[in-house]
Amino acid sequence: MLRMGDIIRQAAVRQKDGHIDEYDYVESAGAWSPDSKRFAFSGVRNGDNVLIIKEVLTGKTVDEFFMEGVPAFQNPAWSPDGKTIVVSGLVNGQTDLYLLNLRTKK
């Protein structure tokens with residue numbers, strides 16, 4: 001039986017996910033999907049931010065997104081219906097919110 005604070009599995013391990021240069025745990029928290037089956041967090045690959053979505057029970061990467069035109073982003077948050085994720089992005093020195101539609105991938 002799981003209790004609050006129990007570790008189910010690590011979201012990612014650099015030795016297994018070698019295509020990711022770094023994970024942004026210090027400045028950016030990840031986010032649980034509304035059904036708690038997926039977890040979204042930001043990482044860095046080849047100097048660019050990438051949004052990674054993992055299936056919690058298996059640890060499998062479900063999807064990865066580069067946000068075109070938004071080179072730096074953090075703090076993903078799922079919409080209540082689980083169809084979109086919003087991130088805080090930095091473009092040309094200005095911070096704004098950017099919405100990613102998971103169905104259309106735009």
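All values below come from the heavy atoms of this structure, side chains included, with hydrogens, waters and symmetry mates left out. In what follows, residues are counted from 1 in the order of the sequence shown.
- Separation of atoms CZ (Phe66) and CG (Leu51) is listed at 10.5 Å; rounding is to 0.5 Å.
- The only option from Lys37, Glu55, Lys54 that meets the side-chain contact (heavy atoms from CB on, under 4.5 Å) definition with Val62 turns out to be Glu55.
- Here the CG atom belonging to Leu99 is positioned 8.0 Å from the CE atom belonging to Met67, to the nearest 0.5 angstrom.
- By the salt bridge (charged side-chain N to carboxylate O under 4.0 Å, His left out) test, Lys106 is found to be paired with no residue, residues two or more places apart in sequence or in another chain being considered.
- If you take NZ on Lys60 and CZ on Arg38, they are separated by 12.5 Å, rounding to the nearest 0.5 Å.
- Across Ala31 and Ala77, no two heavy atoms sit closer than the pair CB-CA, 4.0 Å.
- With hydrophobic clusters built from ILVMFWY side chains whose heavy atoms lie under 4.5 angstrom apart, Val86 does not share a cluster with Tyr98.
- Remark: side-chain polar atoms of Asn75 are not paired, donor with acceptor, to backbone N or O of Ser88 under 3.5 angstrom.
- Distance CG/Asp63 to CG/Leu102: 7.5 Å, rounded to 0.5 Å.
- Between Gly69 and Val91, the shortest heavy-atom contact is O-CG2, 3.3 Å.
- Grouping Ile, Leu, Val, Met, Phe, Trp and Tyr by side-chain contacts under 4.5 Å, direct or through others, leaves Leu90 on its own.
- Pairing each heavy atom of Gly89 with each of Val70, the nearest pair is CA-CG1, 3.8 Å.
- Across all non-hydrogen atoms, the minimal contact from Asn49 to Ser42 is ND2-CB, 4.5 Å.
- Between atom CH2 of residue Trp78 and atom CD1 of residue Ile53 there is a gap of 4.5 Å, rounded to the nearest 0.5 Å.
- Hydrophobic cluster membership differs between Leu100 and Leu97, with clusters built from Ile, Leu, Val, Met, Phe, Trp and Tyr side chains linked at under 4.5 angstrom.
- Taking Thr84 as the reference, Ser79 meet the side chain to side chain donor-acceptor pair (under 3.5 Å) condition, with sequence neighbours excluded.
- Here the closest heavy-atom approach between residue Phe41 and residue Gly30 is recorded as CB-CA, 4.1 Å.
- Looking at every heavy atom in both residues, Ala40 comes nearest to Ile85 through CB-CD1, 4.0 Å.
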